[in-house]
Every structure is written in structure tokens, then in C-alpha cells.
Amino acid sequence: MKKNRLMNFFSDLGRSLMMPIAALAACGIVLGLTAALTKPQVLAAVPFIASGVPYFVITTLKSVSNIVFTLMPVLFAISIAMGMAKEDKGVAAFAGFLGYYAFLVASQASINTGVMDFSALKISSILGVETVDMGATAGIIAGLVTQALHNKFHKVQFPAAIAFYGGKRFVALIVIVTMSAIGLVMPFVWEPISMCINGLGSIIHAAGAFGVFLFGFLERLLIPTGLHHVLNSLFRTTPLGGVYNGVEGCLNIFLQFVDKVPLAELKQFTQFLGQGKMPFMMFGLPAAALAIYQTSPAEKKGKVKALMIAGVAASFVSGITEPLEFSFMFVAPALFVFHAVMGGISFMLMSVLGVIVGNTGGGVIDFFIWGVFQPGSNWYWIVIVGLVFMPIYYFVFKWYLTKKNISIDVADEDGDEGGTLTVDEKMQKIAATIIEGLGGFDNIVTVNNCISRLRVDVKDMSAVNEELLKKTGSMGFVKPSATHIQVIYGPKVEAIADAVRSVMKY
């Protein structure tokens, strides 16, 4: 039971962390385009960009997208509080911001007392408050404390005389008091904690190519659990991913300095970012998909082909790999371990070969924006290594699947009533089937989603009908605990989750 609670906690944390990371990735695309357009080489080649309205629009977009990265801590506080709240998520998000701000002000108050020398701490102006700068860590702490207090007290009731301050209103009060207390103490304890975190980050960076390989290997190996989001977020936003000019986290550093310093200065940070994924996302997995299709029985080929095409498109374009990975990870675990090893090798080779391509995505969009369009990124190594990965993936997958006589399962899908249903009606029908497959309305506790997974808390896992869920387009399942199931749908999961929540309200 304790293990189940722990897995549920980290699963929910990973999902919540994805909200601000996804926003940063989107802003990163805008920043990448505008940064590329303001490069001296581009301005010289296309001079009309450097004057008048075009330059004003480009520089404005660049400034707006860049400011988002300085808001990472408060985004974490809000998103974790909202994402991990069981009910009344809007109230939790509001309390998350209040808690984070109370933390900043209380920390400032401690520093201003002068009871000890705080000069060793990094002091910055955050949301107008001169206080100890803990980076994303402060936001994570605020979010975790807020969600715990919210889940415990958001329905508390008081006697009639003070009933007004019960329930949702009490959440804000208890969060402000608690985070103020933590803020008062934190300046006294943060220095040794930050030294430990910085030390661990230094060890990882000192490990050189092996450290990068280990990161890439774990980043893939954790896919079935969903905990790769936690690993990525820690490297992207905390000192584990590096520290540069006072900025912590490899993603924060890259996006804040990509247009301010020579690109070569950022190589040690991009080695933990999207460049390591591109060879296997754009080249390796599509080759594996071809092998899976070719080794499928004749009666399955049509449906396997449709599944593989959708999976390759998601992986190649946007770097969403779960549709392909879940098609083979359970029927051929050895191939998934091979894939994880190749992921580690991919990260390591990009680092050793001096590739400098940042942001979070591993698809062709980030490849062009942060690679091809950025002078000095050495993007061509991605193509060279990718072309080597293609035959390796293809022959390993084809050999193993043929030797073991393994083929992936593709469930039959129900008809759509002669094609007479509208898109919305079809989605409502799929949602109703998903609810039935999850054991019905009474068996579902909460429904959430991340980039590729429908994440559902259920009362009784034995009531879940996986075969029925497969008919809705599910590509696999993960059950990190006895009461939580993750149903893999790929990029279309957002629409599916909205439809399920909509039907649940009726």
C-alpha cells in the first residue's frame, strides 16, 4: 500500500510538472524562430527584417517569449498545486500562487533581520521581492505543500460563527501561514541543501560521456512508469542540469542565454536536452516501425500499418514516442531495453560530437528551429548518427521479432454506425466506451491526462476492461498502483480526456 501511494505521488507529480514544461517548449519554438531571425547572418541576407514593423514584431515576440522562462518557479507552484489537487483545482492553483508569494516575502523578512550573514546565498528580485533565490525548487516546495494542505482542508467545516472561513477559504489561510513559516526558516537551511544539490550536479557533469549516457538510458527506461517527466524536470529546472551565471537548470540556461552568448558556451547544457532524442525519434523508431509492420502476420498488416504510420508521425514530427514504444514494450521487453540503451548512446554521441541543439522536443520541428536555423549547432551529426541508427533498429527489431515469432496486438474497433456520426458525436461515443472500459461511472474517481496518457484513479482495478479500452484506440496500459491506471492514446489524448470529463459531468 505504501509503495502504491508513493508511485501515485510521483506519477501525479510528473504529470503536473508537464504543464509548465509544455508551455516552455511552445514558447521555446517562438523564441527559437525569433532568435534565428535576429542573427546577424540572417539580417544581412534578408535586410527588410531589420527595419520598421517586421523587426518590431520579431523583437517583441522574442522579449515576451523570453520572459516566460523567468516565471518557472511560480508556474511550478501553480501547476503542481492544481495538478495534484483532487477537487476544486482552481482554488488549489490560486492558493499555490499565494503560498509561493508568502514564501518569498517571509524569506525576505528573515534576511532583513540581519541575525546572521546571508551573503553566501543568492539574493534576487523575484516578483518585486528581494529574497533568497532558490530557483524552481521554491516553486516545487510551494506547490507540494499547497496540494497537501488543499486536499486535507478544502472541505473543513467550522462552527456557525466562523463558518465563512471554512472550506475553500481556509485553504488560502492555512497555505499562507504554512508557507510563511517555511519562508522564515528557509534562508537558514537553504545554503547546505543547495550545496548538496550543486555537488550532485557537479558529479553528473564530471562523469562526462558516461553521465550523459546514464541520463539518456534512464530517461527512456522510465517511460513505462511516467517518471521520466520527473527526471527531465529536475535536470531542466534545478542545479542537477547545471548552473550558469546564476541561472539553474539546463533548459532555463539554454533558453535564457541562447541569443546572448556564443552557442558553444551552451554545449554542456544541451547534452541533456532534445538533441539526444532526435536520432532515435526521427530515425531509429521509424525504422523499428517498419520492421514491426513487415514481421506482422498478413491478416494483421492492414491495422498494424495504420498504427505504425500514426506512431511514426507523432515521433518524427513532435517527439511523442509512447504510441510506438507501447506497441512493443510489453510483448517484447528485451527490445525496449535495447531501445533504452540506444537512447543512452544517442545522448552520449550527441554530446561527444559537439552537437548544440536545445529545447525539449526530439522531433523535426525542434530539429529545424534549434538546429538547422542556428549557425554553429552542428546539427548535421544528428542526421549522420540517425542514418546509422536506422539499419541498427530495423535489423535488431526484425531479427528479434522473427526469431521469437512475436507480433503486436491490434484490437478490432467497433463500427461508427455507418459513418453517420459527426466528429463530436464520435468522440462522445468513444468517451462513453472508455468510461465503460474503466468500470463505469461509479468506479472512476478522477480523470486527468498528460501529453500522451489518460491518467485515471479507479476504485476497483479488476473492473477495468482492457480489451474494451483497446477498441477505443488505446495502445497500452500502465498500472503504477492498485488504484491508478494510465491508458496510452498518444497526441489525441487531450481531446479524449476532455470528452471523458464532459460525459462524466452528465
Side-chain angles (χ1 to χ4, degrees), residues 1-20 22 75-100 139-158 165-179 225-227 229-230 233 431 434-435 438-451 453-461 463-464 477-487 493-494 496-506:
M1 185 63 68
K2 185 176 181 180
K3 179 181 178 182
N4 288 344
R5 288 198 299 267
L6 189 63
M7 287 299 295
N8 280 339
F9 170 81
F10 280 111
S11 178
D12 290 343
L13 177 61
R15 172 178 51 80
S16 301
L17 290 171
M18 278 307 297
M19 287 190 282
L75 293 179
F76 272 166
I78 294 171
S79 65
I80 292 174
M82 180 174 66
M84 299 184 72
K86 292 182 172 61
E87 298 176 2
D88 295 323
K89 291 179 177 291
V91 175
F94 175 70
F97 174 79
L98 290 178
Y100 177 68
I140 293 173
I141 292 173
L144 291 175
V145 171
T146 299
Q147 64 86 23
L149 294 172
H150 174 272
N151 289 334
K152 184 174 182 178
F153 294 113
H154 78 288
K155 289 185 177 180
V156 68
Q157 295 182 352
F158 294 142
Y165 298 102
K168 301 173 185 178
R169 296 178 181 88
F170 184 70
V171 171
L173 293 174
I174 191 66
V175 166
I176 289 174
V177 171
T178 303
M179 288 307 301
T225 67
L227 299 184
H229 293 320
V230 177
S233 295
I434 291 172
I435 292 171
L438 291 168
F441 290 89
D442 294 337
N443 194 47
I444 299 173
V445 179
T446 58
V447 177
N448 291 297
N449 68 279
C450 62
I451 289 179
R453 310 176 188 206
L454 191 69
R455 296 171 178 247
V456 186
D457 291 321
V458 296
K459 296 176 182 176
D460 181 7
M461 190 65 73
V464 174
F477 310 92
V478 176
K479 300 175 182 177
S481 76
T483 58
H484 182 77
I485 182 171
Q486 300 172 6
V487 190
V493 71
E494 189 76 38
I496 289 174
D498 287 343
V500 170
R501 284 189 285 261
S502 176
V503 172
M504 290 283 293
K505 292 179 181 178
Y506 296 142

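Between Met461 and the choices Asn443, Leu438, Ile485, the side chain to side chain contact (heavy atoms under 4.5 Å, CB included) rule is met once, by Ile485.
With a 4.5 Å cut-off on side-chain heavy atoms, Arg453 and Val493 do not count as touching. Val487 has its side chain out of reach of Ile434: every pair of non-hydrogen atoms, C-beta onward, lies at least 4.5 Å apart. Counting heavy atoms from C-beta outward, Ile80 and Leu144 have side chains that approach closer than 4.5 Å. Under the 4.5 Å side-chain criterion, counting only non-hydrogen atoms from C-beta, Phe97 is not in contact with Thr146.
Partners of Ile174 under the side chain to side chain contact (heavy atoms under 4.5 Å, CB included) rule, at least two apart in sequence or in another chain, are Leu149, Phe153, Phe170, Thr178. Lys89 pairs by the side chain to side chain donor-acceptor pair (under 3.5 Å) definition with nothing, not counting sequence neighbours.
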Begin from the C-alpha positions of His150 and Val175 and carry the test side chain to side chain contact (heavy atoms under 4.5 Å, CB included) through to its verdict. CA-CA 8 Å; His150 174 272; Val175 166; 5.9 Å; no
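Heavy atoms only, all atoms of each residue included: Ala92 and Ala85 are closest at CB-CB, 3.6 Å. When every heavy atom of Tyr100 is checked against every heavy atom of Gly139, the shortest pair comes out as CE1-N, 3.9 Å.
Summarising the geometry, atom NE2 belonging to His154 is positioned 9.5 Å from atom NZ belonging to Lys86; distances are rounded to the nearest 0.5 Å. Remark: Ile435 CD1 to Arg501 CZ distance equals 11.5 Å, nearest 0.5 Å. The OG1 atom of Thr446 sits 11.5 Å away from atom CZ of Arg455, with the distance rounded to the nearest 0.5 Å. Of the inter-residue distances, the one linking Lys459 atom NZ with Asp442 atom CG reads 6.0 Å to the nearest 0.5 angstrom.
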